Structures are given as C-alpha cells and as structure tokens.
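Let me begin by presenting the structure, written as structure tokens, before commenting on it.
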There are 2 protein chains.
Amino acid sequence: MDKWRIRVILRAMREISMKAMLRLTGLSADLVRAWERRYGAVSPKRLPSGRRIYGQAEVRRLKLLAELVRQGHSIGGIAGLPDSELVELRAGTRVPSIAGSENLADDVRDLLRAVGGFDLAEVQLLLARSRHAMSPREFANFLVPQLMSEVGRLIDEGRMSVAHEHALSDLVRHHLRKIYEELEPVNGSLKPERRLGFATPEGHHHDFGLLLAAVGCRYRGECTHFLGPNMPAEALAGAARELGLAAVVLGVSVLPPEEIKVKPDEYLARLDAALPKRTELWLGGPGVSGLRRRRSARETWVFESLDALDGKLRRLRARA
Amino acid sequence: MDKWRIRVILRAMREISMKAMLRLTGLSADLVRAWERRYGAVSPKRLPSGRRIYGQAEVRRLKLLAELVRQGHSIGGIAGLPDSELVELRAGTRVPSIAGSENLADDVRDLLRAVGGFDLAEVQLLLARSRHAMSPREFANFLVPQLMSEVGRLIDEGRMSVAHEHALSDLVRHHLRKIYEELEPVNGSLKPERRLGFATPEGHHHDFGLLLAAVGCRYRGECTHFLGPNMPAEALAGAARELGLAAVVLGVSVLPPEEIKVKPDEYLARLDAALPKRTELWLGGPGVSGLRRRRSARETWVFESLDALDGKLRRLRARA
DNA sequence: ATTACTTGTACAAAACATGGACAAATGGCG
DNA sequence: CGCCATTTGTCCATGTTTTGTACAAGTAAT
C-alpha cells in the first residue's frame, strides 16, 4: 500500500495523529473527544479508517481552549467561539473586530493618519484591530516595519516630528510585547529545548528590533528568554550561564558618536570572554555591519535580516 | 436522549462564567451572590439553565465595588450607584498608605524567589495574578516600588545581577503598560478634560517612573497622553501645542556623567522657550533635586513623590 | 499479538443555584 | 459607656447542571 506515502504527506502538511496532538496540548484523549462530541470544539479531518488527524489550526485551538479552561472559563461557554474571540478572551482586550483586513497598505495609511493627528486612542484601536486581523508574523514582519519606515520618511520630509514617532513607538512596542507574551508555548514543544536569550549591549536602549526578533523565534516554537535592553556584558554572561542558553541573540543598533559609552567591539570582547564556551552568539541589527571581524573559538553568526534569522531556525529545526 | 448534541451554545462574545469572573475580581462566589441578592449590585444575564454569565461591564463594576469596599466604603451605600459615580468616588478618595501589608510582602517574596531563579514564566504568572488581585493603585504604588527596591538591595548585596533586574523590569513595565491601557476612561464620565502629557527629556531612556506617574493620573480620571521617553524639547513642545496640553509631566532621572548628552538645565531652558505659554510644567523623578532654580513666567511645579502628584490632582479636582 | 484508536454509555466530582442561618462588625442612641 | 438594631461576610443544606474520566466492545495499524 501507499500508507507510507500518506504518512509523508501528512508530515509535510503538518498534520499529526491524536497521540502527537495530546503531547502538544497536554490534554487527555477522552477529554478531547468529549469536547468534540459535546460542543463541537474542533472538527479534525479523518483518515479513511476514521482516525482523527489534527492540523496546526486544531492544535492551536485546543491549546487555546485548554489554557482558557485553566483560567477558569467553562468549556461549554467558550467551545463554540471562533479562534479570534478566544484570543481576545485570553488577552482580555476588547477589540471591535472589523471583518477582514483588506490591505496592509490601507492599515498603514489609517495608522499614519491617526498618528499624524496625535490621536493616540485611535492608534491604539487600529493597532489592536490589525494585530488580531493578521498573524503575529504578518504584524511583526510586515506591518510594523512598513509603518515605522513610513514614519521615518515623513519625519525626514518634515511632515511629522519625533514626538509622533516616540508616541507611536510606545504603542507599537506594547503590542509587540503582547504578541510575544501570547506566543508563550503552553507545553514544552516536541523537540528538546534550545534556549535563546535576547538582549542589547550596554548603552543600547532600543529593544524594538530585538523584540521583533524574539517574536519571530517564539513564533517558530523556540524557547526564548527576553532579558531586555542595555545589558552589561558580565551580567548577560551570568544570565546565559544560569539559564543554560544555547545562544545569545544580541540586537546592535547604531548610536550617534556622542552617545557611545562602550564601544561595540570592546563590548563584544568582554562578552566573548565571559560567556560560557558552548553558548553561541548571534548578532543582528543595523549596527552589525560596523563590527570588526573577531577571531574566537566561539560559534558566532551575524544575521542581516529577520528573514535570515528565521531561515536559520527553520534549518536547525529541519535537521533535528 | 442526546440533549448535548442539540444544545445550542448561545453565549455571546466576551461574556464569562462565574468562575472566570471570580478570578478577575478576586471576590468569592457567595459574596457576589449576596451583593446581587441584597443590593442588586449587578444583574448578570443568565443561561437557560439559570447560570450567571458576566459581561465586561459587570466585571468592571464588580472590580470597582470591590476596590471601594476595600477602601472602607460600605457596600450597601455604594451598590446602587451608577458606574460613573463609582469612578468619581474612586478618583476622589484618599488612599490608605498601607494596603494589606502581610499579603503584599508574600507576593513580593514569591516574586523575588522567581526572579532569582530566572524563571521568567513564573514571574509573568505571579505578576498577572497580583495585578488582578489588587487595585491598579495598589499594584503601581505599593507592589512595584517595593519589589524594585528589594531587587536593588539584593543587587547591592551581590545576591542578584543587573540581568535579573532588567528582565524583571521588562515584565513589570509590560504590566504597568497594560494597567495604563486598561484604565482608559470609561465613557467620559468625568470632568471636562485637563489634558496631561508624559515624557522624559532627551537622553533619558527610563520611562518606568513616568509610567507609574501616568498610571496614577489615569487612576484619578485625568485625560493622559503618554508620549514616551527620550523626547527632544522642540518635539515635545510641538506635541503639547498640537494636543493642547494643560501640563507636561516630565520624568527626570539621574544619569551618570558620561551619559549626559543634553544638560537638564539646558533642556529645560529650551523646553521653556518652545512650550506654549499656558502649558504648565510638572517636574518629577530622582533627577529633579539637581535642577537649577529657573525664573520663568511659566507655572512650574516640582513634585518630590508620586504621592505629591496624586495630592495635587485631588486638590485640583476638589476645587473644580 | 499488541498497541492505538474508534463509538457509545455511564458515573462521580465539580460547579452553581436557591434560600436560610449565623456571628462579627458597625452604628446610632439613651 | 452599654444596649440594641442593622449591616455584612461567610457558611450550610439541598437540588440541578456541567464536566472530566472510565470502561466495554469493536476496528485499524504495527
């Protein structure tokens, strides 16, 4: 028979058996079947033999339901809600869910108008709507960069001030932070953990890009620890040791000369000296191009874009 | 027969079961039912089976009632008031300086242990629990300062590193930011607006204290605009003009000499020159004591503590 | 043959409703 | 101050609904 082929196809489409689903969700077989039978909580596809197969969407939904039930919601009350409202329930924010996000460009345009008019409440609303209308990945990798670069352009043209930008930054960062929080893996993922730590060097206060990277990694199912900006080398090394980090992801920005307190190269030397031998160093951000090439026994990798980071994760995952 | 299958899930969005409501409000089932039966404090909808379901409005109202009762109001006296008057009541009450000290100490202890073990997921959980178990004010004015000062002490003693502190800061800030967001004025139930803008001077990247101040002001029902840290004087002045701010609240921290890009006094001079005549300047934070006394036609006020800021708001409110 | 999974039924525990009772706290009032 | 009525949080008894888990009997996969 070509059962083998079926299996390969299933794996390729990320569709998994019940047992695998149970591992991912932490639920019991009887319970999931009861939820399905009594409330129609999920409707997994079936093999010709009648066996259930769960796709990514079902697993995600079951994880959501399980988490909400743990939080005190009654399964009967939430099993019928669509995914988007489950997410809202978990987030605790009310969002006037507009049907579908028509176009990324439209969303950006609306946001820019609201920012220009300093209507922060409206910006907040639009961001919330966009965040729920698209996937975390779309939000973090497309909408946010596009929005911020447009704002940068408008500032260059003198049609907006940095005040607009800062106020917007605070709101956008807040939403990214929420996404990061909500992506928290419920149960240990299938693979053994590869812990990643995120920080920016001492004197580097902007953790915007770092947050984007962390969101991307969580989205890929990595076990991430956000340690924050402005992290002294020795403290970061200590944290890496305590946490047993497989890699430290360092977000390096470009600072105006008068703000440089610790030279990036010096910082890296100190970090390299203090960091545990096995911990890899992944460097990203606008500031990496200016770094001197160092020689070190340590596995060091420079990524030029978030896509490159994403690619690396996919490669690592495929190998395992 | 199969009544399960026939059963229609007719719960609308954002309506939650009693158990979930209890978690959010921190009240007990018996108590809520008593309030409902005796005073009609809330009137939750019912499922066909008779079970109560609570919407956003009811949860908010119960939280409000619980907080006011904790502050000494009698439930019988306030249970019948409309939401707007409850908010008004909260905005005008003097808050007891000590709020369940033994409980607070427990929370802080648990948090410190989790931080020390670098268990960020646990910290996140504990913060979320505390945030819901106490009023925004208790969280922002008691738990957060106590927690952070304890961490500072542990760092001085060498029992914690700044990495712990930064990772914790990120999480606490996130929760403060959420509180700020959730305090968004209900429905303009309060007095005509006195718009306040919040920022830190150029080069000052820490907006932790600023956020605390903003939360405090929103709690008092003020119309607040959080403009963010590191704000150039001219941009801030422009924002004040556009927004028609009644006052700019500036959070000044103490910077190590090598990080000072713009001297605070110079910054203030520039700000004073650019700011609209009618906009007041409220200065707070650890850095205000080092400021030179300036002469200016502008109404300028220096506050030494968050309590002082709170007091000013109450005085303004009482006058109106 | 063993394991994993199916459907259907059954049952016990948890959650919740109602109404009543009770003691501690509160607040006049003589 | 003592005394009494009221307020208020908590607890209990009893019945119903909801929900998690167990099990039997049969089928597919390894």
Side-chain angles (χ1 to χ4, degrees), chain A residues 1-11 15-54 58 62 65-80, chain B residues 1-11 15-54 58 62 65-81 100:
Chain A
M1 283 294 265
D2 49 1
K3 293 176 202 165
W4 182 80
R5 177 166 307 182
I6 289 181
R7 174 159 300 235
V8 168
I9 291 175
L10 286 187
R11 163 112 41 117
E15 298 193 315
I16 61 180
S17 71
M18 169 163 261
K19 193 175 184 184
M21 178 276 292
L22 298 180
R23 283 257 300 281
L24 289 177
T25 59
L27 299 169
S28 84
D30 275 324
L31 186 56
V32 175
R33 279 193 288 257
W35 285 3
E36 180 186 334
R37 172 165 27 95
R38 304 212 259 239
Y39 323 106
V42 285
S43 309
K45 286 194 291 192
R46 305 292 191 118
L47 289 177
S49 62
R51 302 200 155 195
R52 294 166 172 82
I53 47 175
Y54 296 87
E58 273 98 1
L62 283 170
L65 288 172
E67 186 183 343
L68 289 171
V69 166
R70 270 197 301 275
Q71 281 180 15
H73 294 276
S74 71
I75 181 62
I78 61 174
Chain B
M1 275 305 277
D2 267 13
K3 53 182 169 186
W4 302 119
R5 203 163 300 188
I6 298 171
R7 192 184 131 175
V8 183
I9 314 286
L10 36 60
R11 196 176 299 184
E15 298 192 320
I16 66 179
S17 69
M18 167 162 258
K19 195 177 176 187
M21 177 277 292
L22 297 180
R23 275 180 77 102
L24 291 180
T25 59
L27 299 169
S28 84
D30 275 323
L31 187 55
V32 175
R33 278 193 289 254
W35 285 3
E36 179 187 334
R37 172 162 29 101
R38 302 209 259 243
Y39 322 106
V42 286
S43 311
K45 287 197 289 193
R46 305 292 192 115
L47 289 178
S49 62
R51 308 207 144 188
R52 293 171 233 277
I53 48 176
Y54 296 87
E58 273 99 0
L62 283 170
L65 288 172
E67 186 182 347
L68 289 172
V69 165
R70 248 176 297 156
Q71 285 181 5
H73 292 91
S74 75
I75 181 61
I78 61 174
L81 300 178

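Naming: A, B, ... by sequence-line order, numbering from 1 per chain. Remember, it's a predicted structure, so these values are computed and weren't measured experimentally.
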query: Got a donor-acceptor pair under 3.5 Å from the side chain of B/R51 to the base of C/dA17?
result: no

message: Quiz question: going by heavy-atom distance under 3.5 Å, is there a donor-acceptor pair between the base of D/dG20 and the side chain of A/R33?
response: no

query: Has A/Y39 got a side-chain N or O lying under 4.0 Å from the OP1 or OP2 atom of D/dT18?
result: no

- prompt: Rounded to whole angstrom units, what separation is found between the NZ atom of A/K19 and the P atom of C/dT6?
  reply: 13 Å

message: Side chain of A/D30 only, heavy atoms from C-beta on: which candidate in D/dG20, D/dT8, D/dT21 is closest?
response: D/dT21

- request: Report yes if a side-chain nitrogen or oxygen of B/W35 is closer than 4.0 Å to either non-bridging phosphate oxygen (OP1 or OP2) of D/dT8; otherwise report no.
  value: no

query: So which heavy atom on A/L27 is nearest to which on A/L22, and how close?
result: O-CD2, 3.6 Å

- request: Taking the side chain as every heavy atom from C-beta outward, state whether A/L24 and A/I16 have any atom pair closer than 4.5 Å.
  value: yes

task: Write down the distance between CZ (B/R37) and C1' (D/dT10), rounded to a whole number of angstrom.
output: 11 Å

statement: Rounded to whole Å, NE2 of A/H73 lies from P of D/dT19 at a distance of 13 Å

- line: Rounded to whole Å, the CD1-P distance (A/I53 to D/dA28) equals 17 Å

message: Measure CG/A/L31 against P/C/dT7 and give the value in whole Å, please.
response: 16 Å

message: Among B/M18, B/M21, B/R52, which residue satisfies the side chain to side chain contact (heavy atoms under 4.5 Å, CB included) criterion with B/P44?
response: B/R52

- prompt: Are OP1 or OP2 of D/dA29 and a side-chain N or O of A/S49 less than 4.0 angstrom apart?
  reply: yes

Spacing between B/E36 atom CD and C/dG19 atom C1', to the nearest angstrom: 14 Å

Heavy-atom donor-acceptor pair, A/H73 side chain to A/L68 backbone, under 3.5 Å: no

field: Whole-Å distance separating the CE atom of B/M18 from the P atom of D/dT16
entry: 20 Å

query: Rounded to the Å, how far apart are B/R38 CZ and D/dC11 P?
result: 13 Å

- prompt: Are the side chain of B/R23 and the backbone N or O of A/Q71 linked by a donor-acceptor pair below 3.5 Å?
  reply: yes

- request: Indicate whether OP1 or OP2 belonging to C/dA15 is found under 4.0 Å from a side-chain N or O atom of A/S74.
  value: no

A/R52 vs C/dT6: side-chain N/O to OP1/OP2 distance below 4.0 Å: yes

